[in-house]
Amino acid sequence: MIKHSITLTNDKPGFWFIVNKGRLYLTSDSQVPQGTLATLAVAVEPEQICWLGDYQQQPCYLVIDHDQIVDESSWHSARSLLTKNEILFQFAARALQVALFLQTHRFCGQCGSAMHLVNWELAALCSKCGHRCYPRIAPCVLVGITRPGQILLARSTRHKAGFFSILAGFVESAETLEQAAVREVKEEVGVDIVNLSYIGSQPWPFPHSLMTGFTADYLSGEIVCQPNEIAEAAWFDLNDLPEVPPAETLSGRIIRQLQQRNMQG
Ligand SMILES: [Zn+2]
């Protein structure tokens, strides 16, 4: 079992990110629990706690593997924080990813021995063979493709009818973000793009992605959807879009940015 040591005082208030099976414990008014350890509605052992950073001069703690809270309605996807508070969402993202890391790195993938935590960085180390692991982060590219007045949107086979977004895909080994963007677009809808331009990034803890966003211009090719991945894809008028992701997500932000760019001509 991985141990992580932390010095806690009962009287110091903080934000508590209590994680169980990829879900987050929120109070009845859908807030991250805040206060001292003593005021928490749950009993917490010191070895369950990791410090994540500070927010509003208060420490943010991760509490992992908590199985004492039985009320199912208290456990939420971190998504519910995204529209409320971007900084707390980021801490929640970190909490979920660190919890997953600790849970999945108890034993060495190389020799099978028990691993322990390095005390000066977030890493798990096998003292038998020296294998060292860091929390896994999976980079993913999002590409908003336009041609005059129109945007290419697709519906993933995982999404409900009527919900469309820009194209997305994971970066493969030894690939640049730009190469991944060009390859994914070609694979998923069969078109070629040019003029890739970086927009921004967003941690996405489902379970450990890092979204990176680009815009691109359409170059050539007819839309051909990749079977199993893309249910449908089409060019949409930028002034008349179907249901798309909310503005707090990176894909939603890119779509709105392209709409504004179109309006400004
Ligand atoms: Zn080992």
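Computed from a predicted structure; not experimentally measured. Heads up: numbering here begins at 1 and tracks the sequence. Read the numbers this way: they start at 1 and go in the same order the structure lists the ligands and their atoms.
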ask   = So, does Ser77 use its side chain to make a donor-acceptor pair with the main chain of Arg23 at under 3.5 Å?
value = no
ask   = Within less than 2.8 Å of the Zn ion (ligand 1), how many protein N/O/S atoms are there?
value = 4
ask   = So Thr212 and Ile199, side-chain contact (heavy atoms from CB on, under 4.5 Å) or not? Walk me through it.
value = CA-CA 8 Å; Thr212 61; Ile199 299 294; over 6 Å; no
request  = Take Val191 and Tyr218 through the test side-chain contact (heavy atoms from CB on, under 4.5 Å) and record every step on the way to the result.
outcome  = CA-CA 8 Å; Val191 306; Tyr218 167 77; 4.0 Å; yes
ask   = Quick one: does NZ or CZ of Arg136 land under 6.0 Å from the six-membered ring centre of Phe101, within 45 degrees of the ring axis?
value = no
message = Can you see whether Gln150 engages Arg147 through a side-chain donor-acceptor pair at a distance of less than 3.5 angstrom?
response = yes
key: Heavy-atom neighbours of Glu222 CD exceed 12 at 6.0 Å   = no
